[in-house]
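First comes the structure, then the notes that go with it.
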Amino acid sequence: MSTHDLFKAENAILAAARTVGEQTNLSPETYRNELVSLIEHYHRLVRESRRLIAHSDRAERELNTLNARLHELAVAMEYKATHDPLTNIYNRGAIIERMTHSLSKSHVALVVLDIDYFKCINDEFGHPTGDAVICELVSRVQGVLNGLGDIGRVGGEEFSIVLAEFSLAQAVTLVEEIHASLNQSPLAALPQRLVTASFGVSWCPRGTRFEDAYGSADAALYEAKRQGRNRIMQKTICSAKEY
Amino acid sequence: MSNVKIDNLHIAGTACTPEVDFRFDIHRLSLKGESYPENAAAFYSRIISETREYLAGLTPDERVEVHVALVYFNSSSTKMLFGFFEELNQAALCGMRVELYWYHDREDDTIEEFGQELHIDFPEIGFHDIALD
(Lines give C-alpha, C1' and ligand atoms only; values in the text may rest on other atoms or scores of the structure.)
Protein backbone atom coordinates (compact mmCIF):
# COMPACT_ATOMS: atom_id res chain seq x y z
CA MET A 1 0.00 0.00 0.00
CA SER A 2 1.29 3.45 -0.87
CA THR A 3 2.25 5.73 2.02
CA HIS A 4 0.05 8.33 0.40
CA ASP A 5 -3.20 6.49 0.13
CA LEU A 6 -6.47 8.36 0.02
CA PHE A 7 -7.97 5.60 2.17
CA LYS A 8 -5.06 5.12 4.54
CA ALA A 9 -7.16 5.53 7.70
CA GLU A 10 -9.96 3.32 6.40
CA ASN A 11 -7.52 0.60 5.39
CA ALA A 12 -5.93 0.68 8.85
CA ILE A 13 -9.34 0.23 10.48
CA LEU A 14 -10.17 -2.58 8.10
CA ALA A 15 -6.89 -4.36 8.82
CA ALA A 16 -7.41 -4.07 12.56
CA ALA A 17 -10.97 -5.40 12.33
CA ARG A 18 -9.82 -8.27 10.15
CA THR A 19 -7.13 -9.24 12.64
CA VAL A 20 -9.65 -9.34 15.46
CA GLY A 21 -12.23 -11.11 13.28
CA GLU A 22 -9.82 -13.87 12.34
CA GLN A 23 -9.34 -14.83 15.97
CA THR A 24 -11.82 -17.00 17.84
CA ASN A 25 -10.55 -16.85 21.38
CA LEU A 26 -10.69 -13.15 22.29
CA SER A 27 -12.90 -11.72 25.01
CA PRO A 28 -16.41 -10.52 24.11
CA GLU A 29 -15.32 -7.07 25.24
CA THR A 30 -12.55 -7.02 22.64
CA TYR A 31 -14.94 -8.00 19.86
CA ARG A 32 -17.43 -5.44 21.04
CA ASN A 33 -14.83 -2.66 21.13
CA GLU A 34 -13.69 -3.56 17.66
CA LEU A 35 -17.27 -3.54 16.41
CA VAL A 36 -17.94 -0.14 18.00
CA SER A 37 -14.82 1.27 16.35
CA LEU A 38 -15.84 -0.22 13.02
CA ILE A 39 -19.36 1.21 13.33
CA GLU A 40 -17.96 4.65 14.09
CA HIS A 41 -15.69 4.64 11.07
CA TYR A 42 -18.27 3.06 8.84
CA HIS A 43 -20.67 5.81 9.82
CA ARG A 44 -18.06 8.42 8.96
CA LEU A 45 -17.34 6.74 5.65
CA VAL A 46 -21.05 6.73 4.69
CA ARG A 47 -21.39 10.38 5.65
CA GLU A 48 -18.31 11.38 3.65
CA SER A 49 -19.38 9.33 0.64
CA ARG A 50 -22.78 10.97 0.68
CA ARG A 51 -21.18 14.43 0.73
CA LEU A 52 -18.67 13.54 -1.94
CA ILE A 53 -21.27 12.16 -4.30
CA ALA A 54 -23.56 15.16 -3.78
CA HIS A 55 -20.58 17.46 -4.35
CA SER A 56 -19.46 15.76 -7.56
CA ASP A 57 -23.02 15.41 -8.86
CA ARG A 58 -23.44 19.11 -8.42
CA ALA A 59 -20.09 19.88 -10.05
CA GLU A 60 -21.01 17.58 -12.94
CA ARG A 61 -24.36 19.31 -13.37
CA GLU A 62 -22.68 22.71 -13.44
CA LEU A 63 -20.10 21.43 -15.87
CA ASN A 64 -22.85 20.16 -18.16
CA THR A 65 -24.65 23.50 -18.00
CA LEU A 66 -21.41 25.33 -18.79
CA ASN A 67 -20.64 22.91 -21.57
CA ALA A 68 -24.04 23.45 -23.15
CA ARG A 69 -23.55 27.21 -22.90
CA LEU A 70 -20.08 26.88 -24.41
CA HIS A 71 -21.55 24.91 -27.28
CA GLU A 72 -24.22 27.57 -27.85
CA LEU A 73 -21.56 30.29 -27.85
CA ALA A 74 -19.36 28.32 -30.22
CA VAL A 75 -22.29 27.93 -32.62
CA ALA A 76 -23.13 31.65 -32.33
CA MET A 77 -19.47 32.61 -32.87
CA GLU A 78 -19.18 30.31 -35.86
CA TYR A 79 -22.28 31.98 -37.32
CA LYS A 80 -20.92 35.46 -36.66
CA ALA A 81 -17.57 34.56 -38.16
CA THR A 82 -19.13 33.31 -41.39
CA HIS A 83 -22.13 35.61 -41.94
CA ASP A 84 -22.66 39.18 -42.98
CA PRO A 85 -24.34 40.99 -40.07
CA LEU A 86 -26.56 43.14 -42.33
CA THR A 87 -27.98 40.51 -44.66
CA ASN A 88 -27.32 37.27 -42.75
CA ILE A 89 -25.91 35.66 -45.89
CA TYR A 90 -22.34 34.32 -46.04
CA ASN A 91 -19.62 36.92 -45.61
CA ARG A 92 -16.71 37.29 -48.00
CA GLY A 93 -14.45 34.76 -46.28
CA ALA A 94 -17.17 32.14 -45.98
CA ILE A 95 -18.46 32.41 -49.57
CA ILE A 96 -14.88 32.18 -50.90
CA GLU A 97 -14.45 29.05 -48.81
CA ARG A 98 -17.73 27.60 -50.16
CA MET A 99 -16.57 28.43 -53.69
CA THR A 100 -13.16 26.83 -53.21
CA HIS A 101 -14.78 23.76 -51.68
CA SER A 102 -17.34 23.44 -54.49
CA LEU A 103 -14.68 23.87 -57.18
CA SER A 104 -12.70 20.99 -55.68
CA LYS A 105 -15.74 18.68 -55.82
CA SER A 106 -17.51 19.45 -59.08
CA HIS A 107 -18.05 21.90 -61.90
CA VAL A 108 -19.50 25.19 -60.70
CA ALA A 109 -21.42 28.07 -62.18
CA LEU A 110 -20.37 31.25 -60.42
CA VAL A 111 -22.40 34.44 -60.43
CA VAL A 112 -21.16 37.84 -59.32
CA LEU A 113 -23.77 40.52 -58.95
CA ASP A 114 -23.28 44.23 -58.43
CA ILE A 115 -26.07 46.70 -57.63
CA ASP A 116 -26.21 49.41 -60.29
CA TYR A 117 -25.50 52.97 -59.18
CA PHE A 118 -25.51 51.96 -55.53
CA LYS A 119 -23.27 54.87 -54.53
CA CYS A 120 -25.81 57.29 -55.97
CA ILE A 121 -28.58 55.58 -53.96
CA ASN A 122 -26.50 55.97 -50.80
CA ASP A 123 -25.64 59.59 -51.56
CA GLU A 124 -29.17 60.56 -52.51
CA PHE A 125 -31.23 58.64 -50.00
CA GLY A 126 -28.78 58.01 -47.16
CA HIS A 127 -27.08 54.93 -45.77
CA PRO A 128 -30.11 53.54 -43.89
CA THR A 129 -31.99 53.42 -47.21
CA GLY A 130 -28.91 51.94 -48.85
CA ASP A 131 -28.83 49.20 -46.20
CA ALA A 132 -32.54 48.53 -46.63
CA VAL A 133 -32.05 48.27 -50.41
CA ILE A 134 -29.27 45.73 -49.93
CA CYS A 135 -31.38 43.63 -47.55
CA GLU A 136 -34.43 43.65 -49.77
CA LEU A 137 -32.45 42.92 -52.92
CA VAL A 138 -30.85 39.94 -51.18
CA SER A 139 -34.33 38.72 -50.18
CA ARG A 140 -35.47 38.90 -53.79
CA VAL A 141 -32.44 36.98 -54.97
CA GLN A 142 -33.02 34.38 -52.28
CA GLY A 143 -36.67 34.16 -53.29
CA VAL A 144 -35.66 33.20 -56.83
CA LEU A 145 -32.87 30.86 -55.69
CA ASN A 146 -35.33 29.17 -53.35
CA GLY A 147 -32.60 27.32 -51.51
CA LEU A 148 -30.42 26.58 -54.54
CA GLY A 149 -26.73 27.46 -54.31
CA ASP A 150 -24.85 29.54 -51.75
CA ILE A 151 -25.00 33.31 -51.64
CA GLY A 152 -22.51 35.65 -50.01
CA ARG A 153 -21.71 39.35 -49.74
CA VAL A 154 -18.20 39.88 -51.07
CA GLY A 155 -18.16 43.67 -50.91
CA GLY A 156 -20.35 46.66 -50.13
CA GLU A 157 -22.83 46.13 -52.99
CA GLU A 158 -21.30 43.07 -54.57
CA PHE A 159 -22.55 39.54 -54.09
CA SER A 160 -21.59 36.06 -55.23
CA ILE A 161 -23.76 33.04 -55.89
CA VAL A 162 -22.11 29.64 -56.05
CA LEU A 163 -24.13 27.13 -58.06
CA ALA A 164 -22.35 23.80 -57.72
CA GLU A 165 -23.04 21.21 -60.44
CA PHE A 166 -24.97 23.73 -62.54
CA SER A 167 -24.54 23.94 -66.29
CA LEU A 168 -23.98 27.40 -67.73
CA ALA A 169 -27.46 27.33 -69.31
CA GLN A 170 -29.10 26.42 -65.99
CA ALA A 171 -27.21 29.18 -64.21
CA VAL A 172 -28.07 31.78 -66.86
CA THR A 173 -31.77 30.83 -66.70
CA LEU A 174 -31.73 31.32 -62.94
CA VAL A 175 -29.90 34.66 -63.22
CA GLU A 176 -32.38 35.80 -65.87
CA GLU A 177 -35.15 35.17 -63.36
CA ILE A 178 -33.33 37.28 -60.76
CA HIS A 179 -32.75 40.01 -63.34
CA ALA A 180 -36.42 39.96 -64.36
CA SER A 181 -37.56 40.02 -60.76
CA LEU A 182 -35.55 43.19 -60.09
CA ASN A 183 -36.88 44.85 -63.23
CA GLN A 184 -40.46 43.84 -62.57
CA SER A 185 -41.08 46.26 -59.70
CA PRO A 186 -39.17 48.66 -57.44
CA LEU A 187 -38.11 47.58 -53.96
CA ALA A 188 -40.34 48.68 -51.07
CA ALA A 189 -37.31 50.40 -49.56
CA LEU A 190 -37.02 52.68 -52.59
CA PRO A 191 -40.42 52.77 -54.35
CA GLN A 192 -39.63 55.87 -56.42
CA ARG A 193 -36.73 54.27 -58.23
CA LEU A 194 -36.00 50.91 -59.80
CA VAL A 195 -32.94 49.17 -58.35
CA THR A 196 -31.23 46.92 -60.86
CA ALA A 197 -28.04 44.93 -60.92
CA SER A 198 -25.38 43.78 -63.35
CA PHE A 199 -24.42 40.12 -63.49
CA GLY A 200 -21.33 38.18 -64.53
CA VAL A 201 -21.71 34.43 -64.85
CA SER A 202 -18.83 32.03 -65.33
CA TRP A 203 -18.83 28.30 -65.76
CA CYS A 204 -15.83 26.48 -64.33
CA PRO A 205 -14.86 22.83 -64.59
CA ARG A 206 -13.94 20.93 -61.48
CA GLY A 207 -10.48 21.79 -60.22
CA THR A 208 -10.54 25.42 -61.43
CA ARG A 209 -8.61 27.66 -59.07
CA PHE A 210 -10.76 30.09 -57.12
CA GLU A 211 -8.82 33.08 -58.48
CA ASP A 212 -9.47 32.02 -62.09
CA ALA A 213 -13.16 31.28 -61.47
CA TYR A 214 -13.73 34.56 -59.70
CA GLY A 215 -11.60 36.52 -62.17
CA SER A 216 -13.64 35.14 -65.03
CA ALA A 217 -17.03 35.98 -63.47
CA ASP A 218 -15.70 39.40 -62.49
CA ALA A 219 -14.53 40.05 -66.08
CA ALA A 220 -18.06 39.15 -67.28
CA LEU A 221 -19.51 41.54 -64.70
CA TYR A 222 -17.19 44.29 -65.88
CA GLU A 223 -18.37 43.68 -69.40
CA ALA A 224 -22.02 43.90 -68.28
CA LYS A 225 -21.27 47.21 -66.59
CA ARG A 226 -19.40 48.49 -69.59
CA GLN A 227 -22.29 47.70 -71.89
CA GLY A 228 -24.67 49.83 -69.83
CA ARG A 229 -25.49 47.82 -66.68
CA ASN A 230 -28.71 45.98 -65.79
CA ARG A 231 -27.70 42.95 -67.87
CA ILE A 232 -26.10 39.52 -67.74
CA MET A 233 -22.78 38.57 -69.33
CA GLN A 234 -21.27 35.09 -69.31
CA LYS A 235 -17.88 33.43 -69.65
CA THR A 236 -16.73 29.85 -69.68
CA ILE A 237 -13.41 28.65 -68.41
CA CYS A 238 -12.10 25.90 -70.66
CA SER A 239 -9.91 23.16 -69.36
CA ALA A 240 -8.40 19.91 -70.58
CA LYS A 241 -11.13 18.01 -68.81
CA GLU A 242 -14.41 18.08 -70.72
CA TYR A 243 -17.89 17.92 -69.21
CA MET B 1 1.58 29.93 23.59
CA SER B 2 2.11 26.23 23.44
CA ASN B 3 5.03 24.48 25.01
CA VAL B 4 6.11 22.69 21.87
CA LYS B 5 7.41 25.08 19.24
CA ILE B 6 6.44 23.95 15.79
CA ASP B 7 7.57 25.65 12.59
CA ASN B 8 5.04 27.47 10.48
CA LEU B 9 4.02 25.69 7.33
CA HIS B 10 4.06 27.63 4.10
CA ILE B 11 3.53 26.09 0.67
CA ALA B 12 3.24 28.48 -2.27
CA GLY B 13 0.11 28.07 -4.35
CA THR B 14 0.18 26.70 -7.89
CA ALA B 15 -2.44 26.44 -10.65
CA CYS B 16 -3.65 23.16 -9.15
CA THR B 17 -2.71 23.37 -5.48
CA PRO B 18 -3.78 25.94 -2.92
CA GLU B 19 -1.51 28.29 -1.04
CA VAL B 20 -0.97 26.84 2.42
CA ASP B 21 -0.12 29.44 5.03
CA PHE B 22 -0.28 27.81 8.44
CA ARG B 23 0.97 30.37 10.94
CA PHE B 24 1.08 28.09 13.94
CA ASP B 25 2.82 30.85 15.95
CA ILE B 26 -0.25 33.06 15.80
CA HIS B 27 -2.76 30.18 15.57
CA ARG B 28 -3.97 31.17 12.17
CA LEU B 29 -4.21 28.55 9.43
CA SER B 30 -5.05 29.58 5.90
CA LEU B 31 -5.81 27.61 2.73
CA LYS B 32 -6.42 29.58 -0.43
CA GLY B 33 -6.82 28.80 -4.12
CA GLU B 34 -7.64 25.80 -6.25
CA SER B 35 -7.13 22.21 -5.26
CA TYR B 36 -6.77 19.43 -7.76
CA PRO B 37 -3.28 18.09 -7.06
CA GLU B 38 -1.90 15.13 -8.95
CA ASN B 39 -1.75 13.26 -5.67
CA ALA B 40 -4.13 14.75 -3.13
CA ALA B 41 -3.22 12.17 -0.49
CA ALA B 42 0.46 13.14 -0.72
CA PHE B 43 -0.28 16.87 -0.78
CA TYR B 44 -2.64 16.86 2.21
CA SER B 45 -1.08 14.14 4.37
CA ARG B 46 1.81 16.46 5.31
CA ILE B 47 -0.61 19.30 6.03
CA ILE B 48 -2.77 17.04 8.17
CA SER B 49 0.12 15.47 10.09
CA GLU B 50 1.71 18.86 10.88
CA THR B 51 -1.67 20.21 11.94
CA ARG B 52 -2.19 17.17 14.18
CA GLU B 53 1.21 17.74 15.74
CA TYR B 54 0.44 21.42 16.24
CA LEU B 55 -2.96 20.74 17.79
CA ALA B 56 -1.47 18.14 20.12
CA GLY B 57 0.89 20.76 21.53
CA LEU B 58 -1.83 23.32 22.29
CA THR B 59 -3.26 24.10 25.68
CA PRO B 60 -6.97 23.21 25.86
CA ASP B 61 -8.16 26.82 26.07
CA GLU B 62 -6.37 27.98 22.93
CA ARG B 63 -8.28 29.67 20.09
CA VAL B 64 -7.40 28.63 16.55
CA GLU B 65 -8.59 30.40 13.42
CA VAL B 66 -8.85 28.48 10.17
CA HIS B 67 -9.41 30.51 7.00
CA VAL B 68 -10.42 28.52 3.95
CA ALA B 69 -10.89 30.25 0.58
CA LEU B 70 -10.95 27.43 -1.94
CA VAL B 71 -12.55 28.25 -5.26
CA TYR B 72 -12.40 24.70 -6.53
CA PHE B 73 -11.46 21.33 -5.06
CA ASN B 74 -11.70 17.95 -6.69
CA SER B 75 -13.06 14.78 -5.12
CA SER B 76 -9.78 13.43 -3.75
CA SER B 77 -9.00 16.83 -2.21
CA THR B 78 -12.46 16.75 -0.66
CA LYS B 79 -11.73 13.36 0.88
CA MET B 80 -8.49 14.69 2.38
CA LEU B 81 -10.17 17.90 3.57
CA PHE B 82 -12.64 15.76 5.53
CA GLY B 83 -9.61 14.29 7.33
CA PHE B 84 -8.26 17.77 8.01
CA PHE B 85 -11.56 18.99 9.48
CA GLU B 86 -11.83 15.78 11.51
CA GLU B 87 -8.54 16.70 13.22
CA LEU B 88 -9.87 20.17 13.98
CA ASN B 89 -13.16 18.76 15.23
CA GLN B 90 -11.32 16.40 17.57
CA ALA B 91 -9.27 19.32 18.92
CA ALA B 92 -12.46 21.27 19.51
CA LEU B 93 -13.91 18.27 21.33
CA CYS B 94 -10.88 18.47 23.63
CA GLY B 95 -11.81 22.02 24.60
CA MET B 96 -9.93 24.19 22.11
CA ARG B 97 -11.88 26.86 20.29
CA VAL B 98 -11.62 26.25 16.58
CA GLU B 99 -13.18 28.87 14.32
CA LEU B 100 -13.60 28.13 10.63
CA TYR B 101 -13.93 31.10 8.28
CA TRP B 102 -15.36 29.73 5.05
CA TYR B 103 -14.93 32.10 2.09
CA HIS B 104 -16.76 31.74 -1.19
CA ASP B 105 -17.89 33.82 -4.12
CA ARG B 106 -21.43 35.08 -3.48
CA GLU B 107 -22.50 33.43 -6.73
CA ASP B 108 -20.87 30.10 -5.95
CA ASP B 109 -23.61 27.94 -4.42
CA THR B 110 -21.51 24.77 -4.59
CA ILE B 111 -18.80 26.07 -2.28
CA GLU B 112 -21.32 27.82 -0.05
CA GLU B 113 -23.35 24.63 0.43
CA PHE B 114 -20.24 22.58 1.00
CA GLY B 115 -19.38 24.94 3.87
CA GLN B 116 -22.84 24.49 5.36
CA GLU B 117 -22.41 20.73 5.17
CA LEU B 118 -19.07 21.00 6.95
CA HIS B 119 -20.85 22.97 9.65
CA ILE B 120 -23.35 20.11 10.07
CA ASP B 121 -20.76 17.33 9.94
CA PHE B 122 -18.21 18.98 12.24
CA PRO B 123 -20.43 20.65 14.83
CA GLU B 124 -17.64 21.34 17.32
CA ILE B 125 -15.99 23.80 14.93
CA GLY B 126 -17.30 27.37 15.02
CA PHE B 127 -18.49 28.25 11.52
CA HIS B 128 -18.41 31.62 9.79
CA ASP B 129 -19.72 31.88 6.25
CA ILE B 130 -18.16 34.76 4.34
CA ALA B 131 -19.57 35.61 0.92
CA LEU B 132 -17.24 37.61 -1.28
CA ASP B 133 -18.33 39.88 -4.10
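Chain letters run A, B, ... following the sequence lines, proteins first, then strands; residues in each count from 1.
In this structure, A:Lys105 does not pair ionically with A:Glu165, as no charged nitrogen and carboxylate oxygen lie closer than 4.0 Å. No salt bridge links B:Glu117 with A:Arg58; every basic N to acidic carboxylate O contact stays at or beyond 4.0 Å. Salt-bridge formation is detected for the pair B:Arg46/B:Glu50: a Lys NZ or Arg NE/NH1/NH2 atom is positioned less than 4.0 Å from an Asp or Glu carboxylate oxygen.
No donor-acceptor pair closer than 3.5 Å links the side chain of A:Asp218 to the backbone N or O of A:Val112.
Both tests do not hold together for B:Arg52 against B:Phe22: distance to the six-membered ring centre under 6.0 Å, angle to the ring axis within 45°.
Using a 4.5 Å heavy-atom cut-off against chain B, no residue of residues 65-88 of chain A qualifies as contacting.
The closest side-chain heavy-atom distance from B:Leu100 to B:Phe122 is not below 4.5 Å.
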Which donor-acceptor pairs under 3.5 Å do the side chains of residues 129-139 of chain A make with protein atoms, sequence neighbours left out?
| from | atom 1 | to | atom 2 | distance (Å) |
| --- | --- | --- | --- | --- |
| A:Thr129 | OG1 | A:Phe125 | O | 3.1 |
| A:Glu136 | OE1 | A:Ala188 | N | 3.1 |
| A:Glu136 | OE1 | A:Ala189 | N | 2.8 |
| A:Glu136 | OE2 | A:Ala188 | N | 2.7 |
| A:Ser139 | OG | A:Cys135 | O | 3.1 |

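B:Asn74 does not touch chain A: none of its heavy atoms, backbone or side chain, sits under 4.5 Å away. Residue contact with chain A, scored on non-hydrogen atoms closer than 4.5 Å, involves the side chain of B:Ile120 exclusively. Looking at B:Ser45, only its side chain comes within 4.5 Å of chain A, counting heavy atoms on both sides.
Interface check for chain A: of the options B:Tyr44, B:Phe73, B:Tyr72, the most heavy-atom pairs under 4.5 Å are formed by B:Phe73.
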Exercise. What's the verdict on salt bridge (Lys or Arg N to Asp or Glu O under 4.0 Å) for A:Arg44 and A:Glu10, showing C-alpha distance, side-chain angles and the deciding distance?
Worked result: CA-CA 10 Å; A:Arg44 181 177 155 188; A:Glu10 289 79 3; 5.4 Å; no
